[in-house]
Amino acid sequence: MEIIVGKTAGFCGGVTNAVKQTENLLQEGKEIFCLGELVHNAQVMEKLEKQGLKVIENIEEAKQNSCVVIRAHGVPPAIYQKAKENQIQLKDLTCPKVLKIHEKAEEYKQNGYYLFLIGAKKHPEVIGTFGFCGENACMIESMEDIPISLQKFQESNKKKIAIISQTTFSLKKFQEFTEKIKENLKEVEILIDNTICNATSTRQKETGELAKNVDAMIIIGGKNSSNTKKLYELAKEENANTQIVETVAEIELDEIKGREKIGIMAGASTPNESIEEVVRKLEKINVEE
Ligand code: SF4
């Protein structure tokens, strides 16, 4: 059996930086809170919590003068304000690429655009970015959201639209949604700013290619990681023998045994250890076969 691990599998730059810097803070012995899970991966979170990281869901739960980590997803402006009011020190580990989108959202808003933010409505990054978009903005997660978004735009006093995206959204869906919007608003100025992160588009492209060329695919990542789920959907479209697992224990071995080529891909919040564990397991099957 040949095992092929995708070159882009695992932690992206933003997640690597957030985890490393949080570990450094914990090593200094400080009491560190994190607003939401630092990464959507149970194994990584367990390790950080053992080192003392405390996850809070609300900024008000942090003690005065304590340090709160802002994860790579970023937060809406209201959080910076609340931290200031409650004298909470923030360690802002928002990924620079996400910060850039916040800047763009503010710029488009100031330049009179109505904003369409394409992304998963409940995802923290989307909630954070939406906070910078102002009142004249809509979130679009699916084709069904488009008619109501167009209606809201037409009811506003805005004459032009800027479209931006969650960094980890599916490129294919982004293109389908923008085409649909353009079809419906032929007379309106539409600025399309594809803010999907390079790390994401390269990984999605590699996942599709890899899935096409192997006999079975394993996608590794946290159950609540949206970018991992997207990789799974993409791979499944190309290869019916695709499975998604969070840990090595979840692999359905019957789907793997006897296959010649196995592809492995992992989401942006999947640590190297998880990928290595899966590879070791497959190598063991190889020896036994
Ligand atoms: S996926 Fe891209 S934008 Fe998101 S944290 Fe990683 S590097 Fe940053």
Side-chain angles (χ1 to χ4, degrees), residues 6-25 34-41 43-45 48 53 55 68-76 79 90-108 115 117-133 139 141 163-174 192-208 219-235 244 265-272 274-275:
K7 290 187 192 75
T8 53
F11 276 5
C12 62
V15 171
T16 304
N17 176 57
V19 172
K20 210 187 267 172
Q21 295 224 42
T22 305
E23 282 182 333
N24 290 347
L25 286 172
C34 183
L35 194 52
E37 289 189 327
L38 187 72
V39 287
H40 288 149
N41 185 285
Q43 289 68 42
V44 178
M45 287 314 297
L48 288 168
L53 185 69
V55 177
V68 175
V69 163
I70 301 295
R71 56 192 171 176
H73 296 316
V75 289
I79 299 292
L90 291 182
K91 178 74 179 170
D92 192 355
L93 301 181
T94 307
C95 177
K97 292 176 184 177
V98 176
L99 289 175
K100 185 79 200 151
I101 302 176
H102 294 174
E103 274 172 31
K104 285 179 169 200
E106 289 206 303
E107 187 191 313
Y108 295 144
L115 272 141
L117 169 58
I118 297 185
K121 292 175 192 170
K122 288 188 183 154
H123 193 281
E125 182 199 309
V126 175
I127 295 169
T129 301
F130 198 64
F132 289 85
C133 293
M139 291 183 198
E141 181 170 352
I163 307 178
I164 54 175
S165 171
Q166 178 184 358
T167 58
T168 51
F169 204 69
S170 146
L171 179 61
K172 193 169 161 245
K173 282 192 188 167
F174 179 82
I192 299 171
D193 188 353
N194 172 2
T195 52
I196 295 174
C197 158
N198 275 345
T200 305
S201 26
T202 316
R203 188 193 310 261
Q204 288 177 355
K205 208 164 157 233
E206 194 190 6
T207 302
I219 308 290
I220 316 165
K223 293 213 162 48
N224 49 357
S225 158
S226 77
N227 81 85
T228 307
K229 268 184 225 146
K230 269 173 222 128
L231 295 181
Y232 171 68
E233 286 163 16
L234 273 169
I244 182 167
M265 190 44 96
S269 46
T270 307
N272 268 342
S274 301
I275 302 170

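Positions are given from 1 along the sequence. One-based numbering, in listed order, for ligands and for the atoms of each.
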I need the I118 CD1 to I192 CD1 distance, nearest 0.5 Å. 8.5 Å

Atom 2 (Fe) of ligand 1 to C12: any N/O/S contact under 2.8 Å? no

Looking at T167, which atoms of ligand 1 are within less than 4.0 Å of one of its heavy atoms? 3 (S), 4 (Fe)

When you compare the side chain of E23 with that of L48, does any pair of heavy atoms fall below 4.5 Å? yes

With a sphere of 6.0 Å drawn around NZ of K7, does it hold more than 12 non-hydrogen atoms of other residues, nucleotides or ligands? no

Using side-chain heavy atoms (C-beta onward) and a distance below 4.5 Å, is V44 in contact with L38? no

Atom indices of ligand 1 within 4.0 angstrom of K97 heavy atoms, with elements: 3 (S)

Would you kindly specify which portion of C95 sits under 4.0 Å from ligand 1, judged on non-hydrogen atoms: side chain, backbone, both or neither? side chain

Residue C197 vicinity, atoms of ligand 1 by number, heavy atom under 4.0 Å: 1 (S), 2 (Fe), 3 (S), 7 (S)

Do we see a donor-acceptor contact under 3.5 Å between the side chains of T195 and D193? no

